[in-house]
Amino acid sequence: MTTHPDTQAPPSPSTELSTKYTPADVEGPLYERWVEAGYFTPDATSDKPPFTVVIPPPNVTGVLHIGHALDHTLIDTLTRRRRMQGYEVLWLPGMDHAGIATQNVVERELAKNEGKSRHDLGREEFVRRVWQWKDESGGKIAGQMRRLGDGVDWTRDRFTMDEGLSKSVQTIFKKLYDDDLIYRAERIINWCARCHTALSDIEVEHSDDDGELVSIRYGDGENAIVVATTRAETMLGDTAVAVHPDDERYRHLVGTEVELPLTGRRIPIVADEHVDPSFGTGAVKVTPAHDPNDFEIGQRHGLPNLTIMDEKAVITAHGPFFGMDRFEARPAVVRALREDGRIVAEKRPYVHAVGHCSRCDTVVEPRLSLQWFVKVETLAKEAGDAVRDGRVAIHPPELAKRYFDWVDNMHDWCISRQLWWGHRIPVWYSPQGEMVCVGPDEQPPGPEWTQDSDVLDTWFSSGLWPFSTLGWPDQTADLAKFYPTSVLVTGYDIIFFWVARMMLFGLYAMDGKQPFDVVALHGLVRDKYGKKMSKSRGNTVDPLDWMDAYGSDALRFMLARGANPGSDQASSEEWVAGARNFCNKLWNATRFALLNGADASAELPSELSPADRWILSRLHTVLAEVDDLYERYEFAKLTDLLYHFAWDEVCDWYVELAKPELAAGGTRAQTTRAVLGHVLDRLLRVLHPVTPFVTEALWTALTGKESVVIAEWPKAELGRRDPAAEAEIEALQRVVTEIRRFRSDQGLKPTQRVPARLDGLDALGVAAHETLIRSLSRLDPAGEDFTATGTVQVGAELTVSFDTSGTIDVAAERRRLEKDLAAAEKERAQNSGKLGNDAFLAKAPDAVVAKVRERLTAAEADLARLEAQLAALPSA
RNA sequence: GGGCGCAUAGCUCAGUGGAAGAGCACUCGCCUUACAAGCGAGGGGUCGGGGGUUCGAAACCCUCUGCGCCCACCA
């Protein structure tokens, strides 16, 4: 840290910024200070309007990956802005117990460290171990969130398995049960043969796998019928063969029986609409206990359900295949059939869709079992309507279609899981088989009753998150103040898992009041090549690594800058580095301002220079645009806008324009200090939600105030807009850039001061800026012995004559002029072509025609000028 | 099998009817006292192919090709 005496700056304890920006030094102490100051803890009794966001609860055993970092960045950005705007802001943190995922992790650890299974420990001890594991790994996530700067209210931290949320789960289960919206039934469900539990439809991932299609002849002679299957082993459980009722080929067989090979059982041939006569032979084997379609056919025809596998997918049918795994049994059955002369055809490989457990990738086994279901028809209808009638807005709107497709076609939701980690189903059974659903604060009828051993799907409790976390079913002050939540920010990949379920339950439990007003969906974070990040690909990144190397602000800025609504974004270390450079730029600009006595508290003088009016005009225009972009959740655009405004306009131009003013002293310096202070103050405030740490350090140094976290959101003062000043400074910029180009082409060193005469500044309206133009382009006044060695023209008016103390590089100048000439010629041709088109003149709007005319005139003038200049060049 | 989306500079992406853009990468010149994590200047694209609508298309329509994603109980 260096100190410097600065008598101009307002008295402030913190106007000292180290000469070097070191993110770790800046970010380290700030977060805990914010938490201790209570900035993130809202008051449920205040009069301020509420703004509520609940965190998408991360899996308690996990660590935050880059995708979470995106979620958190966007939520933190929204909530910090609203806090500055005067809302009572609650960002509620918490974690999800993540049933299968967590149980699998702990089981794996148990096997690795102690060589034991959960069954060795018993249910009670195993669950105790999971809690222990939760306590250890939950801390990691909290630590990551602090590093990211998440402005969450830790006093309201929740966990899906904590006491209050468990009560919510039990309450809603009972309510649904009493309303006949939860039922228990024996159905074909998706069964993971490794996790030993039922799965809901969306926990199954389909992929096209290589398999086989085997055609088997059932029966003999005239009664023979050929069926095709990819799962030959299930024929052991066949209880019928089905054909289409209109299929002439088999009409004579319908109602007859055929002998099932290998078993000697006789099974009926039935007619069912489901069968597609054009597929294969038009006949299908029916295995009601092991295929969802077959189950349906079985129901329609009163067929028995013959289960031939246990929960491990091991064959239980008596005979030679007993005890074989399903994948062992398949070739064994085919072999036996072949020996029996029953195989008509074999196609291998046969590619077809196979379902896999989304948690462990094991092939899912359709299994007949007794499970609990939510009857979704009415709930899903409501959930769809809430979006259809506009109570809930989905951003971007294109993704609403995906939501509708799902809720409008949702099957009943299997919610029971044969796990130990989760909310136990609150239903008890008597030895006589009676059943009772027990609500919170209720007891089962007697000591001989036993509780259902299954637990609920994790997403059942996640679906309650927007209100269970606020105290529901109790009518708490938080619930009254903060429900419905304002916006839900999450990835489009969990629309079905989570968003839709919250809609179902929120509307149901809260009397039709939606769980959130807006769903803002973002995409997935991919690697620098746009590839999906995955452990197997080895392209995942730990956000902590990037935060360590470049700072949290840089990580956040990079993520926000890539976040276009609903679309995936690439990320890479170079981009985080670029974002860090931006923070560094802000740092140095603020240092410059402080070194020069910028005063953020000063009133803006009424007498302002064109440069001052220009930057103020741009600032307030940008502030208005940022507000607009926030309303549309266009994080990438607003971040990019601020990036370019801060860097290109404030740093590259305004600061450079300010230097001579500051050096001039007196009123001019005073005015510039006030404007510089004004601009930086607003800039740091408007950037704070995205880059909270560096803006806090800089803003407090600049203003001497307590914290930018609680500063007022900068208002766009549209009265500051000044098109004339903007035009004037833009003209100045063009002049300076053109002169610099000439210098660069001529190989003049940037530091080399060159005498020059400027003619025609008046015509461009920048005569008043001659000193500025000279200082920015390093041109000295023309002296007594001035000899022009070269000229450059800007537009048609301005001529700059240089004395380069020698000859100019004629070849370089010729190249430059010829290039400009070619551009002017192209421009002339393009525009004269348009004006030569009668249809264009007749149909294009006047404004467009006028513009084209102007451009043609300018191009023609440029052509004449450039030709003259070229002609005047000494021949090479 | 159905649905959706994408194809613009070497890479990753903005740009929804009136002059082709950004970041990174690249070339040249600079330690010009806020910043070399920087400054100045520059090169680079017949906007995937073909057809159509229009005075005018990267943008709207059709079609082809190539990717990507989601959904799915055709054995």
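Numbered from 1 within each chain, the chains take letters A, B, ... in sequence-line order. Heavy-atom basis, side chains included; hydrogens, waters and symmetry copies ignored. Everything numeric here is computed off the predicted structure, so don't read it as measured data.
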> Test of understanding: with side chain to side chain donor-acceptor pair (under 3.5 Å), list the residues that count as partners of A/Asp209, not counting sequence neighbours.
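A/Asp209: side chain to side chain donor-acceptor pair (under 3.5 Å) contacts with A/Ser207, A/His356.
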> Which part of the nucleic acid, if any, lies within reach of A/Arg740 when heavy atoms closer than 4.0 Å are counted: base, sugar-phosphate only, or nothing?
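Since only primed, P, OP1 and OP2 atoms lie under 4.0 Å of A/Arg740, the category is sugar-phosphate.
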> Answer yes when A/Arg816 and A/Glu738 have at least one side-chain N-carboxylate O distance shorter than 4.0 Å, and no when they do not.
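Salt bridge flag = yes for A/Glu738 with A/Arg816.
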> Would A/Tyr529 and A/Asn539 satisfy side-chain hydrogen bond (donor to acceptor under 3.5 Å, both in side chains), going step by step from the backbone distance to the final call?
CA-CA 10 Å; A/Tyr529 304 108; A/Asn539 60 350; over 6 Å; no
> Could you pull out all residues at least two apart from A/Arg740 that satisfy salt bridge (charged side-chain N to carboxylate O under 4.0 Å, His left out)?
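None.
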> Base, sugar-phosphate, or nothing for A/Thr737, non-hydrogen atoms under 4.0 angstrom?
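Result for A/Thr737 = sugar-phosphate.
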> Taking 4.0 angstrom as the limit, do A/Arg348 and A/Glu346 come out as a salt bridge?
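Yes, A/Arg348 and A/Glu346 are salt-bridged.
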> Think A/Lys637 has a side-chain N or O under 4.0 angstrom from the OP1 or OP2 of B/rG15?
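So the side chain of A/Lys637 is within the cut-off, an N or O lying under 4.0 Å from OP1 or OP2 of B/rG15.
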> Within the 4.0 Å limit for protein heavy atoms, which parts of nucleotides 67-72 of chain B are touched? Write it as a string from 5' to 3', B for base, S for sugar-phosphate only, - for none.
---SSB
> What string of B, S and - do you get for nucleotides 28-39 of chain B 5' to 3' if you count protein non-hydrogen atoms under 4.0 Å?
-SS-B-BB-BSS
> Output all residues satisfying side chain to side chain donor-acceptor pair (under 3.5 Å) with A/Trp413, sequence neighbours left out; order by chain, then residue number.
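Residues passing side chain to side chain donor-acceptor pair (under 3.5 Å) with A/Trp413: A/Asp457.
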> When we call it a touch if two heavy atoms are under 4.0 Å apart, what does A/Pro366 touch: a base, just sugar-phosphate, or nothing?
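Result for A/Pro366 = nothing.
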> What does A/Ala570 touch in the nucleic acid at a heavy-atom separation under 4.0 angstrom: a base, only the sugar-phosphate, or nothing?
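If one applies the 4.0 Å heavy-atom cut-off, A/Ala570 turns out to touch the sugar-phosphate alone, with no base involved.
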> What about A/Arg855: does its side chain form a donor-acceptor pair under 3.5 Å with the base of B/rA19?
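Under the 3.5 Å cut-off, the side chain and the base do form a donor-acceptor pair.
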> For a quick check of understanding: with a heavy-atom distance under 4.0 Å over all strands, which category does A/Glu827 fall into, base, sugar-phosphate or nothing?
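It contacts base atoms.
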> Using a heavy-atom cut-off of 4.0 Å across all strands, would you classify A/Asn837 as base, sugar-phosphate, or nothing?
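If one applies the 4.0 Å heavy-atom cut-off, A/Asn837 turns out to touch the sugar-phosphate alone, with no base involved.
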> Looking only at atom types and distance, does a side-chain atom of A/Asp291 sit under 3.5 Å from a main-chain N or O of A/Asp294, one as donor and one as acceptor?
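Pair found, side chain donor or acceptor close to backbone of A/Asp294.
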> Got a sec, which residues hit ring pair (Phe, Tyr, Trp, His ring centres under 6.0 Å) with A/Tyr643, two or more places apart in sequence or on another chain?
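A/Tyr643 satisfies ring pair (Phe, Tyr, Trp, His ring centres under 6.0 Å) with A/Phe582, A/Trp647 only.
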